[in-house]
Number of protein chains: 2
Amino acid sequence: MASKSRRLPASERRAQLIEVGRSVFAKHGYEGTSVEEIAKRAKVSKPIVYEHFGGKEGLYAVIVDREMDYVERRISEAISSGSPRERVERASLAFLSYVRDHPDGFAVLSQDSPLSSSRGTISSLLNDLAERVGDVFAPALKEAGYDTKAAPIYANALIGMVTFVGTWWTEERKPPIEEVAKHISALAWMGLRHLPKRPTLQRSAD
Amino acid sequence: MASKSRRLPASERRAQLIEVGRSVFAKHGYEGTSVEEIAKRAKVSKPIVYEHFGGKEGLYAVIVDREMDYVERRISEAISSGSPRERVERASLAFLSYVRDHPDGFAVLSQDSPLSSSRGTISSLLNDLAERVGDVFAPALKEAGYDTKAAPIYANALIGMVTFVGTWWTEERKPPIEEVAKHISALAWMGLRHLPKRPTLQRSAD
DNA sequence: CCGTAAGTTACTTATTCGTAGGTTACCAAG
DNA sequence: CTTGGTAACCTACGAATAAGTAACTTACGG
């Protein structure tokens, strides 16, 4: 049994609250979750949350920040080496792995944040991610002689592809993500025009 | 002056409330909007909303239903004829036109609905749209000898592409959607592999 | 055994859904 | 013109939920 609800040192309680909060925010969205529910699930009373994070927004901000950082890191890593096509494949797989292994985090990032909506725009956090990915893409496109202004279009398109397929996958959970990644990469790389009947990955010398 | 706030017959008031509600839901999301704000913006008191729609959910449901129907119709129309590539182009353009001309409706559909979240899943309304589009795609894919199980993947990928680019575009509003549609279609059809430097549409004999 | 970090109860304040019951504008017939 | 009658509308409330805070209590290590 998960330790008889003893007292925890500050850092551990923080970590626990972040975990619990992520799970609850994932399920009910920002506006839909109450601080009290988070506290209850953590077997703790409300003021504890306020003590550690200053309130609902504070906790939410920390969770979002961590999650964004994590995904961005994984994707950056995935596209840091290899042939262009390999990078696409690795990035797809990396993102889908994230979706599979961190469903709560993914759900939080998929939802609309109160921060961006109060700041005028309505976009989800993942649009921000697309922006950063776009910054990585831009130089490569320019190098290849493409219009730089199109970079954000492609970045958003690619992130959107994988994101939408990701949320679909979380409901079905059926074809293993490796196979899903194959299809996505094939579509992104070859296009509908040259879609192979049975897509294969192309990772040279792992 | 928008008519000195006189009394309106039921059907007109209904229409007005739908319009106002859509705008407010678009800005603050479902949970974030109060019935009172909708009433206030419609220069009317709260019980009127309850009288016409039975409550917040009722109004929301009507708005969502109409919007879904509208988009689905436009997309279906776009992909009802032409060569495969033309269909992709027309669909992209149709969707982006919707985004441009009905930003509020698009925002509502982009957000997470309380209906789907109470029904277990977290997906946005646009995932449902992808499902329907997938049903249209499936036969064509099967015809061409592809694995039917991959149809939803492609459908979601395509909808995701255009959706994400759409939300990005609503913030920037810069390249006219015709140009954006060109890029998207090129990516979807040719893939990153064969991306043209300056994409062009390919609508034969309109 | 005592000081402090960790935690709790109980409250105030504010918002919002939803409704009960009364009021007023409009229209058509006398 | 004036008088109903009805559709449209409003004020005012009840109940519930949630954010955030004040002031008190208790476990635990040195």
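Source: prediction; values computed, not measured. The sequence lines fix the lettering, A, B, ..., with proteins before strands; numbering per chain opens at 1.
Every residue two or more places apart in sequence or in another chain that forms a side chain to side chain contact (heavy atoms under 4.5 Å, CB included) with A/Ala94 is listed here: A/Ala78. With sequence neighbours excluded, no residue forms a salt bridge (charged side-chain N to carboxylate O under 4.0 Å, His left out) with B/Asp65.
For B/Phe106 and B/His102, the ring centers are positioned 6.0 Å apart or more.
Atom CZ in A/Phe53 sits about 12 Å away from atom P in C/dG7, given to the nearest Å. A straight line from NE2 of B/His52 to P of D/dA7 spans 13 Å, rounded to a whole angstrom. Spacing between atom NZ of B/Lys43 and atom C1' of D/dC10 amounts to 16 Å, rounded to whole angstrom units. The nearest whole Å value for the distance from the NZ atom in A/Lys40 to the C1' atom in C/dT8 is 15 Å. Between B/Glu12 atom CD and D/dC9 atom C1' the separation is 16 Å, expressed in whole Å. Regarding B/Ile48, its CD1 atom lies at a distance of 14 Å from the C1' atom of C/dG22, rounded to whole Å. Here C/dT15 presents its C1' atom at 15 Å from NE2 of B/His28, a figure rounded to the nearest Å. Atom pair B/Glu51:CD and D/dC9:C1' shows a separation of 8 Å (rounding to whole Å applied).
Between B/Glu89 and B/Lys182, none of the side-chain N atoms (NZ, or NE/NH1/NH2) sits under 4.0 Å from a carboxylate O, so this pair counts as no salt bridge. A salt bridge does not link A/Asp128 to A/Arg132: none of the charged nitrogens lies less than 4.0 Å from a carboxylate oxygen.
Listed by first then second residue, pairs satisfying salt bridge (charged side-chain N to carboxylate O under 4.0 Å, His left out) with a partner in residues 11-21 of chain A number zero, not counting sequence neighbours. Applying the salt bridge (charged side-chain N to carboxylate O under 4.0 Å, His left out) rule to pairs touching residues 99-109 of chain B yields B/Arg100-B/Glu178, sequence neighbours excluded.
Within the 4.5 Å cutoff, side-chain heavy atoms of B/Arg41 are placed close to those of B/Ser23.
OP1 and OP2 of D/dA7 both lie 4.0 Å or more from every side-chain N or O belonging to B/Arg13.
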Every protein N/O within reach of nucleotides 3-5 of chain C N/O, cut-off under 3.5 Å:
none

Inset, instruction - At under 4.0 Å between heavy atoms, which parts of nucleotides 12-23 of chain D does protein reach? Answer with one letter per nucleotide, 5' to 3': B base, S sugar-phosphate only, - none. - result: ------SBBBB-
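Side-chain contact check for A/Tyr70 and A/Arg66: no donor-acceptor pair (N or O, by modelled atom type) lies under 3.5 Å.
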